Structure formats: structure tokens, C-alpha cells
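Encoded as C-alpha cells, the structure appears first; notes follow it.
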Amino acid sequence: MVWGMKCFQVQYIYIKSQKDWAQSGRVFVLKKVKVTSCLIVLGIFAASFFLGRFAAQMMPAAVSKIQTSSDGNWGLSFQEEGQPPAANATYEELAKYNAYYAENTKEKVLYLTFDCGFENGNTPAILDALKKHNVKAAFFVVGNYLSTSPDLVKRMVEEGHIVGNHSYHHPDMSKMGKEEFTKEMGELETLYEQTVGAPMAKYYRPPQGKYSESSLQMAKDLGYKTIFWSLAYVDWNQDSQPTHEEAFDKLLKRVHPGAIVLLHNTSKTNGEILDELLTKWEGMGYTFKSLDELPKEDL
């Protein structure tokens with residue numbers, strides 16, 4: 001064949017933008033194409049091959065990026081009773097940062113965690129209920145709690161609970177640089193060791209639930225596992241505590257296999273219902289594990 005032979009004239013070619021390649025995975029569309037030579041045909045196929053490879057390389061980054069809400073908070077959407085909620089990130093995406101929001105399992109196990117910003121008299125009842133049911137929980141504390149309630153922190157440790165890092169001052173750590181982030185974590189570690197006489201367990205809960213990929217990476221670099229949650233309810237408002245019925249309605253309907261439960265030690269309702277709540281969950285077939293028992297294969 002002679003490559004210089006005369007052929008038909010091209011009418012037009014419509015190619016979608018580079019941005020659209022990454023979003024849709026469709027590289028280009030040809031309409032009513034008539035080629036002037038075989039060289040043009042080969043050129044189009046060559047272009048489609050390389051552009052297709054470019055789009056394929058772009059897609060995984062877009063899919064795997066961890067999402068945050070507009071205000072940078074951890075977010076959940078409860079869609080089906082008794083099933084894990086949809087979250088900002090998948091188990092696999094969080095695993096890259098040694099982070100969890102639940103255990104990926106169908107086994108009826110629960111992980112109880114409490115955020116402790118200050119003490120207002122409810123923690124002893126919570127500890128009593130946990131001891132009665134032989135449940136080992138995790139308490140995420142801040143500097144104020146360690147300073148004002150050292151005896152309760154010591155009791156937590158003595159009774160086999162984990163005391164985790166909720167930062168010293170409870171700031172938004174999602175936008176911090178490495179030096180500032182490390183200082184927040186380290187100050188609480190130092191106070192804890194001075195109070196308890198042993199190093200702090202390497203579990204971290206982001207203050208206010210605010211996080212970013214960089215903060216997750218910094219926590220990992222410091223040796224921490226970041227612990228989000230898959231079950232919580234509005235229990236922190238001191239001026240509008242939920243009734244027992246409201247609390248049970250949320251916590252019984254939304255419980256699911258592998259849940260990491262977030263409760264606040266400041267909640268009067270939690271102090272009053274925890275014994276009965278644990279009994280109800282046990283009646284539903286649930287057992288309780290410590291964060292130390294989170295399966296390593298998820299990481």
C-alpha cells in the first residue's frame with residue numbers, strides 16, 4: 001500500500017477534557033470521522049491508548065482519597081437497622097493509617113469507648129457497670145481530666161481499661177503541622193506517665209472528631225492507632241440530656257457487629273443506663289472486646 005494515497009477529508013473529532021477523563025473514565029468520543037490518510041487513523045488509535053492509560057492512572061487516586069465533611073468532621077450515615085453505617089472512609093482506606101471506625105466482621109462483638117473531657121460525677125457509675133459485666137473499655141482523656149481526676153484514671157488502669165490519648169488541650173488537630181501535633185500528643189503522654197507511672201497506650205481519638213489525611217499519618221508516625229466510631233448518639237449536651245427511652249432507641253437500633261461505640265463520661269443518662277444497656281446488648285447476643293483485640297489483619 002502506498003501511504004501517500006489520497007483519502008477522505010476529516011469532518012471533525014470531539015475529545016472530552018482532561019478533567020473528564022479522571023471523573024468518568026471515558027477518554028474521548030468520535031463523531032462522523034472520515035480520515036484523510038491511514039496515518040491519521042493510526043495517530044488517533046495511538047492517542048486513545050496513551051490517553052486511556054492516563055485516565056486509568058488518575059482514577060485510583062480519586063477513588064481512594066479519604067473524604068471529610070465540609071467542616072472536617074468524622075461522619076456517619078445510618079441506613080439499615082443492625083448494619084454498619086456508611087462512613088467517610090472505608091475499612092481499607094483507614095487501614096493505611098492504622099485507623100479504625102469498626103471491626104469488619106459479622107461476629108456480634110462490640111468495643112466500648114468513652115471520651116472524657118471533664119469529671120462531673122458520672123464516671124464511677126460507668127466503671128461500676130463495666131466491672132459488674134466484666135467489660136474492658138477505653139477511656140480517651142485530655143489534660144484537664146488527668147489533672148483533676150487522677151484517682152479515677154488510676155482506677156481505670158487498675159481495672160484493666162485502656163486510657164487513650166485525646167490530646168492535651170482538645171484542639172482541632174486536623175490542620176496542625178508535625179511539630180504542633182507532636183507537642184499536643186506528647187504533653188498528655190508525659191502527664192499520664194507522671195500520674196500513673198507507666199507509658200500511655202498508643203490509641204488516639206481526634207478531638208471533636210476532626211481529622212485529615214495528614215493528621216492520620218502523623219498519628220501513625222508517632223506509633224498510634226486512630227480510633228473513630230461507628231455508633232454514637234447525642235449524649236454530650238449537659239442542658240438537654242436524652243431520656244432513658246431515647247438513649248435505648250438509638251443505641252439498640254443502631255448497634256451492629258464490630259461496632260466501636262462512643263459514649264461520653266459526662267452524660268448523666270449514660271451513668272444511669274449503662275448497666276441495663278450492657279444487659280440488653282448481651283441479651284441480643286453481643287460480647288465485648290478491648291481495643292487491644294482489634295484484628296491486626298485489618299491494619
Side-chain angles (χ1 to χ4, degrees), residues 62-80 83-104 111-118 138-145 164-178 180-182 184-185 188 203-222 224-242 246-247 250-251 253-256 258-267 269-270 291 294 298:
V63 171
S64 64
K65 184 176 178 61
I66 291 180
Q67 301 297 312
T68 60
S69 61
S70 59
D71 56 3
N73 287 335
W74 176 248
L76 299 170
S77 175
F78 293 90
Q79 300 174 351
E80 185 178 348
Q83 295 299 315
N88 285 357
T90 66
Y91 300 112
E92 294 76 16
E93 288 166 344
L94 289 176
K96 296 184 298 183
Y97 302 99
N98 287 0
Y100 297 84
Y101 76 98
E103 181 187 347
N104 187 9
Y111 299 85
L112 284 190
T113 70
F114 295 84
D115 283 3
C116 304
F118 60 93
F139 292 85
F140 289 93
V141 303
V142 297
N144 170 70
Y145 196 87
N165 198 325
H166 201 31
S167 79
Y168 192 94
H169 297 98
H170 203 262
D172 177 358
M173 297 177 70
S174 65
K175 301 177 181 65
M176 284 185 176
K178 182 177 181 179
E180 191 178 6
F181 189 96
T182 302
E184 266 298 323
M185 301 288 277
L188 191 75
Y203 293 97
Y204 163 64
R205 172 157 286 154
Q208 309 168 53
K210 293 183 181 293
Y211 71 101
S212 61
E213 290 193 83
S214 62
S215 66
L216 292 176
Q217 184 62 53
M218 286 186 285
K220 179 182 178 181
D221 292 343
L222 291 173
Y224 278 88
K225 295 179 177 68
T226 298
I227 306 298
F228 291 107
W229 59 90
S230 64
L231 176 57
Y233 78 117
V234 182
D235 62 347
W236 60 85
N237 189 339
Q238 299 303 294
D239 298 324
S240 181
Q241 278 289 286
E246 290 169 338
K250 292 289 192 298
L251 295 171
K253 287 182 179 178
R254 292 179 175 179
V255 71
H256 61 87
I260 293 177
V261 183
L262 164 60
L263 301 173
H264 286 81
N265 75 308
T266 54
S267 169
T269 298
N270 288 343
L291 293 181
L294 280 168
D298 281 2

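Everything numeric in this text was worked out from a predicted model, so none of it was measured. Below, all heavy atoms of this structure are taken into account, side chains as well, without hydrogens, waters or symmetry copies.
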What's the verdict on side-chain contact (heavy atoms from CB on, under 4.5 Å) for Y211 and L216, showing C-alpha distance, side-chain angles and the deciding distance? CA-CA 7 Å; Y211 71 101; L216 292 176; 4.0 Å; yes
What I'd like to find out is whether the side chain of [X] reaches to under 4.5 Å of the side chain of [Y], using heavy atoms alone.
{"X": "P84", "Y": "S230", "value": "no"}
{"X": "M218", "Y": "M173", "value": "no"}
{"X": "I227", "Y": "F140", "value": "yes"}
{"X": "L231", "Y": "L251", "value": "yes"}

Where do [X] and [Y] come nearest, in terms of heavy atoms and distance?
{"X": "S174", "Y": "S212", "value": "O-OG, 2.6 Å"}
{"X": "P207", "Y": "P171", "value": "CB-O, 3.1 Å"}
{"X": "P206", "Y": "F228", "value": "CG-CE2, 3.7 Å"}

Non-neighbouring partners of [X] that pass side-chain contact (heavy atoms from CB on, under 4.5 Å), sequence neighbours left out:
{"X": "A87", "value": "W74, L76, Y101"}
{"X": "E80", "value": "Q83"}
{"X": "N144", "value": "F118, V142, T148"}
{"X": "E246", "value": "P242, T243"}

Supply the atom-to-atom distance [X] [atom1] to [Y] [atom2], rounded to the nearest 0.5 angstrom.
{"X": "L262", "Y": "L112", "atom1": "CG", "atom2": "CG", "answer": "10.5 Å"}
{"X": "M176", "Y": "S214", "atom1": "CE", "atom2": "OG", "answer": "11.0 Å"}
{"X": "D172", "Y": "S215", "atom1": "CG", "atom2": "OG", "answer": "8.5 Å"}
{"X": "E103", "Y": "H256", "atom1": "CD", "atom2": "NE2", "answer": "11.0 Å"}

List the residues meeting side chain to side chain donor-acceptor pair (under 3.5 Å) with [X], not counting sequence neighbours, and say none if there are none.
{"X": "N237", "result": "none"}
{"X": "S167", "result": "none"}
{"X": "K253", "result": "D249"}
{"X": "T182", "result": "none"}

So, using ring pair (Phe, Tyr, Trp, His ring centres under 6.0 Å) as the criterion, who are the partners of [X] when residues are at least two apart?
{"X": "H170", "value": "H166"}
{"X": "Y224", "value": "none"}
{"X": "Y168", "value": "none"}
{"X": "F139", "value": "F114, H161"}

Test ring-ring contact (aromatic ring centres under 6.0 Å, His included) applied to Y100 and Y91, step by step: CA-CA 7 Å; Y100 297 84; Y91 300 112; 9.1 Å; no
Can T226 and N98 be said to form a side-chain contact (heavy atoms from CB on, under 4.5 Å), step by step? CA-CA 6 Å; T226 298; N98 287 0; over 6 Å; no
Could you check whether any side-chain N or O of D115 sits under 3.5 Å from a backbone N or O of V141, counting only pairs where one atom can act as donor and the other as acceptor? no
Could you verify whether a donor N or O on one side chain and an acceptor N or O on the other, from [X] and [Y], lie under 3.5 Å apart?
{"X": "T113", "Y": "R205", "value": "yes"}
{"X": "N73", "Y": "K210", "value": "yes"}
{"X": "Q217", "Y": "Y97", "value": "no"}

Mind running side-chain contact (heavy atoms from CB on, under 4.5 Å) on L188 and Y145 for me, showing each step along the way? CA-CA 10 Å; L188 191 75; Y145 196 87; over 6 Å; no
Taking S267 as the fixed residue, which of L263, N265, T269 is the one that meets the side chain to side chain contact (heavy atoms under 4.5 Å, CB included) rule? T269
Centroid-to-centroid, Y204 to F181, below 6.0 Å?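 Yes, close enough.
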